[in-house]
Amino acid sequence: MNQPTTQPLKVGIIGGGFMARTHTRAARAAGAQVVSVLSSRPERSVAAAAALGIDHAAATLDELLERVDVVHVCSPNATHAGHARAVLEAGKHVVCEKPLAIAPEEAAELVDLASRAGVTAAVPFIYRFHPMARQARHEAAGGGIGRLLTVRGDYLQDWMLLERDSDWRVDPTVGGPSRAFADVGSHLVDLLEFVAGERIMKVNARLGIAHPTRGGRPVQTEDAAVCIVEMEGGAIGSLMVSQVNAGRKNALTLELGGTNGSVVFDQEHPDELWLGGRNGSTTLSRDAPSNVEDAVRLSVVPAGHPMGYLDAFNAFVLDTYAAIAGGAPAGLPTFADGLRAAILTSAVLESSRSNSWVDVSTVSDRADVQHIL
Ligand code: SOE
């Protein structure tokens, strides 16, 4: 008997850098066909198509849109909203890199547009897709650690340490008004709220700039940010984000302390989860038989064969395509989560500017964004 055949999803990529490579690899790993790529200029599209092994180099966005079912937006930050809007207006599914938009108002507009278009609209907060991040969520949001008392999170890198270090993000007209926080702080707050299962209510932040100029141009955006936060259930905590901490590469650690125990997730050692107890602590392994189903689902090779960033990325894209096919995969980060990260990023800037606490408790939709920020 003939099985019904489903056509592979046709994917378009906007961008030609590191993220375009990562999205292309993940789309192919999920069984999709990457059919077209658009970069900032026609000759760059041709170069990106050659580098990524994509048959069609698009000269315009319309050319790309007419060939695809889903578009992955991997262009520089300031262009995300415009690209995502055009994709949604064409009625196509969209995966948009973070920050979803450099202004929360634009991110809110995209959330509305995506819901009206009735398509899948996802943002790659991919650290959620480490099996042990799911296990951490089970321990924390599931209540195993008891009532949440404290939270502590870091995301530390060093690739902006020297005065000569630079990239397009340093120019605020391209990178947006926030640099380190929008780039990696957004991952940290997304993971914190996802694992804790509750929101940050208030934030008080300070920003740091390591060098007044880079490449002879004045620096306007932060290399580091530190925040004090208050959580929904009353827990207090601190978050440190830096791209100038020598020796740190992608040191994302998250510790949640509750009345019954603590849980620590470390992105550079993602196959393990530390469970702290007053009378003894343990390290859970990715193959522990008692792991929660959501962690088991994402654990695709036996423990001892390390899983990491690319596996998490691939799992995110696989789940996005499952949602496009009509499924409802657990924990898929959508445009609403992209909006939440944009709101928190804006709140961090506003807190530092005004030297005060910023309340982010009620900000959840477009009207709230306009009202509060
Ligand atoms: C660069 O800071 C970067 O590649 C980020 O843009 C990613 O989102 C993060 O996962 C790793 O670091």
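When a ligand or atom number is given, it counts from 1 through the structure's own listing order.
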- Query: Looking at side-chain heavy atoms only, is the closest gap between Ser281 and Trp274 below 4.5 Å?
  - Reply: yes
- Message: If we ignore hydrogens and angles and just use 3.5 Å, is the side chain of Glu230 paired with the main-chain N or O of Ile200 as donor and acceptor?
- Response: no
- Message: Is the distance between the ring centroids of Tyr321 and His93 under 6.0 Å?
- Response: no
- Exceeds 12 heavy-atom contacts within 6.0 angstrom, atom CG of Asp287: yes
- Query: Salt bridge between Lys98 and Asp183, side-chain N to carboxylate O under 4.0 Å?
  - Reply: yes
Considering only distance and modelled atom types, tabulate donor-acceptor pairs under 3.5 Å from the side chains of residues 33-41, sequence neighbours left out.
{"from": "Ser36", "atom 1": "OG", "to": "His56", "atom 2": "ND1", "distance (Å)": "2.8"}
{"from": "Ser40", "atom 1": "OG", "to": "Arg44", "atom 2": "NH1", "distance (Å)": "3.4"}
{"from": "Arg41", "atom 1": "NE", "to": "Glu43", "atom 2": "OE2", "distance (Å)": "2.9"}

Mind listing the N or O contacts between ligand 1 and protein, cut-off under 3.5 Å?
{"from": "ligand 1", "atom 1": "2 (O)", "to": "Gln157", "atom 2": "OE1", "distance (Å)": "3.2"}
{"from": "ligand 1", "atom 1": "2 (O)", "to": "Gln157", "atom 2": "NE2", "distance (Å)": "3.4"}
{"from": "ligand 1", "atom 1": "2 (O)", "to": "Trp159", "atom 2": "NE1", "distance (Å)": "3.4"}
{"from": "ligand 1", "atom 1": "2 (O)", "to": "Asp183", "atom 2": "OD2", "distance (Å)": "2.4"}
{"from": "ligand 1", "atom 1": "6 (O)", "to": "Lys98", "atom 2": "NZ", "distance (Å)": "3.4"}
{"from": "ligand 1", "atom 1": "6 (O)", "to": "Arg169", "atom 2": "NH2", "distance (Å)": "3.4"}
{"from": "ligand 1", "atom 1": "6 (O)", "to": "Asp183", "atom 2": "OD1", "distance (Å)": "2.7"}
{"from": "ligand 1", "atom 1": "8 (O)", "to": "Lys98", "atom 2": "NZ", "distance (Å)": "2.9"}
{"from": "ligand 1", "atom 1": "8 (O)", "to": "His187", "atom 2": "NE2", "distance (Å)": "2.8"}
{"from": "ligand 1", "atom 1": "10 (O)", "to": "Tyr127", "atom 2": "OH", "distance (Å)": "2.4"}
{"from": "ligand 1", "atom 1": "12 (O)", "to": "Gln157", "atom 2": "NE2", "distance (Å)": "3.0"}

